[in-house]
Protein chains: 2
Amino acid sequence: MENKGNFGQAASAPTARERPTLKTIAFMTGLGVTTVSRALKDAPDIGAETKERVRMVARQLGYQPNRAGVRLRTGKTNVIALVLSIDEEIMGFSSQMVFGISEVLSGTPYHIVITPHSHSKDPMQPVRYILDTSSADGVIISRIEPDDPRVRLLTERGMPFATHGRTDAGLTHPFHDFDNEAFAHQAVEKLVKRGRRRIALLQPPSKLTYYAHIRIGFQTGLHDYGAEEVPLRVNTDAPLADIRDIVEVMMRSANAPDGIVCSAGSAAIAVNAGIEAAGKALGRDLDMVSKQSVPILNWIRPEIITAQEDVRQAGREMAKAVIARIDGVEPELLQSISQPTWPNSGR
Amino acid sequence: MENKGNFGQAASAPTARERPTLKTIAFMTGLGVTTVSRALKDAPDIGAETKERVRMVARQLGYQPNRAGVRLRTGKTNVIALVLSIDEEIMGFSSQMVFGISEVLSGTPYHIVITPHSHSKDPMQPVRYILDTSSADGVIISRIEPDDPRVRLLTERGMPFATHGRTDAGLTHPFHDFDNEAFAHQAVEKLVKRGRRRIALLQPPSKLTYYAHIRIGFQTGLHDYGAEEVPLRVNTDAPLADIRDIVEVMMRSANAPDGIVCSAGSAAIAVNAGIEAAGKALGRDLDMVSKQSVPILNWIRPEIITAQEDVRQAGREMAKAVIARIDGVEPELLQSISQPTWPNSGR
DNA sequence: CATTTCTACTGTATCGTTACAGATTGCATT
DNA sequence: AATGCAATCTGTAACGATACAGTAGAAATG
């Protein structure tokens, strides 16, 4: 029963305290390298007892497959690339997303690689790089446009990915999104319930898909609850100083709104500054509703009515979706939308 | 001069639109794979004209070395691991650091991999993982303690790294730090120049190295400018609600300070809330100085006197330091300290 | 002219893993 | 006794790059 004549594969020595490889395990178990490899991935043609033995030795040695070896042989990188826009970031938005993603990845062999880019520059560049160098098994992108060229390219090339935000051009792909339409609609409701009727909207840049969602929610809200819009000609991507100045001018004008809906937490800070600069007070002269991804607005002005977008949860969802997509799950099944929660909106 | 009989190495075909490898270039130039490899790394035993020819073809093909191949053969991962603490993060602290790092890395073959961990759990775990699996060429860590076991381990194992913060136990290693001593000293100065004499300090947790720096700067400041300390029994790591409550109690007491120095931007938000809850006003009843890494405090209360810590710059410095260390530069030469800047402190 | 030296290039083996095509054994079937 | 057939196990080649030990030819040396 003893196997003699083990020349080809497992001939060499275990060489002391080096990192263990399949060869080490093969040597220790007296098996061939191939057998060990197949045993560890629970292949059907390996005996149950052998598998058990191999697993024990592997655990004992603290064996971890060499990523470069696997990657070279199979092409599997065990990497998820997170493409981040470097500009927008003021609050801990992307950190939260990173942490959400890594929570999910921590139980898997996947690592997370950050690929940043300036969204004023070519947003295709990082995606192209990842595709050209096959440097990831999956990709996560944000700031999605209705007919996003990155989504097209990734789909076309068969690269698994998930998006934070939806497209709107007949493209089917995994995504996680916040229900911005519901948010805007409910925001108007909150304001009207507080007796506000003349409402301004600080909206996202119009090229992003959720601009439309915000608009629709806002407008149906105005209609449903009988309010009107006070136009505000600036968007959430503008420099904070610009937002403050424009809001201040608006609030000083005869046409000042008595309610503001704000689509981003960092912008809300600037809006608030504009309001105060105009000598108005939240809760008295007007109310403001804002979305936020980090619970910070309430610390600044408790009067701001906030809807929470759980970005960490978004990270988790997208990580799960990408991995599922890598495992061949259909994109249709990997789409989710999270609802706004209103931690402090006393009815 | 034409080379015939090219059997062993460059025999196989270029196979159409696949990703180019050394073999592709070898085939196209009629050279051996080894020659191409050496030509691309500018080895001295390759002819000048040949090098030029190889480089042209490589550029033409858009050749990028296969990372798995390099890594398997040489052990070089071309990865910098950023170990991030997942808990502390409220503001965009770590995002800024990530972006600073990637700014530097973008001109290099290095990728940045995020390795998060909860600092309530074992902080050695991610470092051990990186060492055991040799999964990076360099490491960046933060939240440094005076005798940090991670620094010891990384040094002992010869893994290049840089820290955000210093140690204080005779360990020599690359670091970038903010001059917290200068900050605290100058903070006291600012307060005293505004006529404040009874000053509280919201300090970092005492196990971190910069606790001592803050304390020393604060205390020499008190001494130099003739002020006294009002004790505050909470640190910047505490939940924001706790900070607010404790500050509120302090501000309502007979012993309330007329100045506060705050060592972290997010905590300052809670401190401000506590002050307001106690019915006090910044600029009237007291002044506050705070460090911040993202320019947000001034939007909240312009009265807060802020010192800017440029975390993005810290990221850049650390990235440069790690790479230099990988390239063999002595640790002594890779240490830097940045000074606080005071964007809004009217003299 | 023979020998050494130098320049410029090349083949082989190897890193750790896995796909693939066998090989060995025992046992049931004819 | 020969054959077929699972059930297990194994060697070889390959992924792409590079360290190393060459080799061929030209030029310099004696």
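In the text below, chain A, chain B and the rest are named by the order of the sequence lines, each starting its count at 1. Because the structure is a prediction, the values reported are computed rather than measured.
In this structure, B/Tyr63 does not reach the D/dG16 phosphate: none of its side-chain N or O atoms is under 4.0 Å from OP1 or OP2. For C/dC9, the OP1/OP2 oxygens have a side-chain nitrogen or oxygen of B/Thr50 closer than 4.0 Å. Close to C/dT10, at under 4.0 Å from its OP1 or OP2, lies a side-chain N or O of B/Thr35.
A/Thr167 and A/His173 form a side-chain donor-acceptor contact under 3.5 Å, judged by distance and modelled atom types alone.
Residue A/Met56 places its CE atom among 12 or fewer non-hydrogen atoms of other residues, nucleotides or ligands, all under 6.0 Å distant.
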I'd like a table of donor-acceptor pairs (distance under 3.5 Å, sequence neighbours excluded) in which one partner is a side-chain atom from residues 153-162 of chain A, with atom names and distances.
residue  : atom : partner  : partner atom : Å
A/Thr155 : OG1  : A/Val151 : O            : 2.6

Tabulate below the donor-acceptor pairs under 3.5 Å that side-chain atoms of residues 39-52 of chain B make, not counting sequence neighbours, or state none.
residue : atom : partner : partner atom : Å
B/Asp42 : OD1  : B/Lys51 : NZ           : 3.0
B/Asp45 : OD1  : B/Arg38 : NE           : 3.2
B/Asp45 : OD1  : B/Arg38 : NH2          : 3.2
B/Asp45 : OD2  : B/Arg38 : NE           : 3.4
B/Lys51 : NZ   : B/Ala43 : O            : 2.9

Quiz: residues 126-141 of chain B side-chain donor-acceptor pairs under 3.5 angstrom, not counting sequence neighbours:
residue  : atom : partner  : partner atom : Å
B/Arg128 : NH2  : B/Asp122 : OD2          : 3.2
B/Tyr129 : OH   : A/His111 : NE2          : 3.0
B/Thr133 : OG1  : B/Tyr129 : O            : 2.7
B/Thr133 : OG1  : B/Ser135 : OG           : 3.2
B/Asp137 : OD1  : B/Thr77  : N            : 2.9
B/Asp137 : OD1  : B/Thr77  : OG1          : 2.8
B/Asp137 : OD2  : B/Thr77  : N            : 3.3
B/Asp137 : OD2  : B/Thr77  : OG1          : 3.4
B/Asp137 : OD2  : B/Asn78  : N            : 2.6

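Remark: B/Thr29 engages no residue in a side chain to side chain donor-acceptor pair (under 3.5 Å) (not counting sequence neighbours). Scored by the side chain to side chain donor-acceptor pair (under 3.5 Å) test, B/Tyr110 finds B/Lys76 as partners (sequence neighbours excluded). Among residues two or more places apart in sequence or in another chain, the salt bridge (Lys or Arg N to Asp or Glu O under 4.0 Å) test is passed with A/Arg152 by A/Asp147.
Following rounding to the nearest Å, A/Glu52 (CD) and D/dT8 (C1') show an atom-to-atom distance of 17 Å. Rounding to whole angstrom units, CG of residue B/Leu22 and P of C/dT14 are separated by 20 Å. For the pair A/Phe27 CZ and C/dG16 P, the interatomic distance rounds to 16 Å; values are reported in whole Å. B/Ile46 has its CD1 atom 18 Å from the P atom of C/dC6, to the nearest Å. A/Ile25 places its CD1 atom 12 Å from the C1' atom of C/dT17, with the value rounded to the nearest Å. Distance, B/Asn66 CG to D/dT18 P: 10 Å, rounded to whole Å. Here C/dC15 presents its P atom at 11 Å from CD of A/Glu18, a figure rounded to the nearest Å. A straight line from CZ of A/Arg67 to C1' of C/dC15 spans 17 Å, rounded to a whole angstrom.
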Are there any protein N/O atoms within less than 3.5 Å of an N/O atom in nucleotides 24-26 of chain D, and if so, which ones and at what distance?
none

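For DNA chain C, the neighbouring residues in residues 37-45 of chain A, judged by any heavy atom under 4.0 Å, are A/Ser37, A/Lys41. Of the residues in residues 69-76 of chain A, those lying under 4.0 Å from DNA chain D by heavy-atom distance are A/Leu72, A/Arg73.
Taken from CD in A/Gln60 to CZ in A/Arg55, the straight-line distance is 15.5 Å, to the nearest 0.5 Å. Rounding to the nearest 0.5 angstrom, the gap separating the CG atom in B/Leu333 from the CZ atom in B/Arg325 is 9.5 Å.
Closest to the B/Leu31 side chain, of the nucleotides C/dC9, C/dG11, D/dC9, is C/dC9.
Of the listed residues (A/Val104, A/Val329, A/Leu334), just one forms a side-chain contact (heavy atoms from CB on, under 4.5 Å) with A/Lys320, and that residue is A/Val104.
Residues A/Met28 and A/Leu61 are in side-chain contact: their nearest non-hydrogen atoms beyond the backbone lie under 4.5 Å apart.
Residues in residues 62-72 of chain A take part in no salt bridge (charged side-chain N to carboxylate O under 4.0 Å, His left out) pair, two or more places apart or across chains. Residues in residues 103-116 of chain B take part in these salt bridge (charged side-chain N to carboxylate O under 4.0 Å, His left out) pairs, two or more places apart or across chains: B/Glu103-B/Arg312, B/Glu103-B/Arg316.
Axis deviation across the helix from C/dC1-D/dG30 to C/dT30-D/dA1 amounts to 70°, comparing end segments of five pairs, rounded to 10 degrees.
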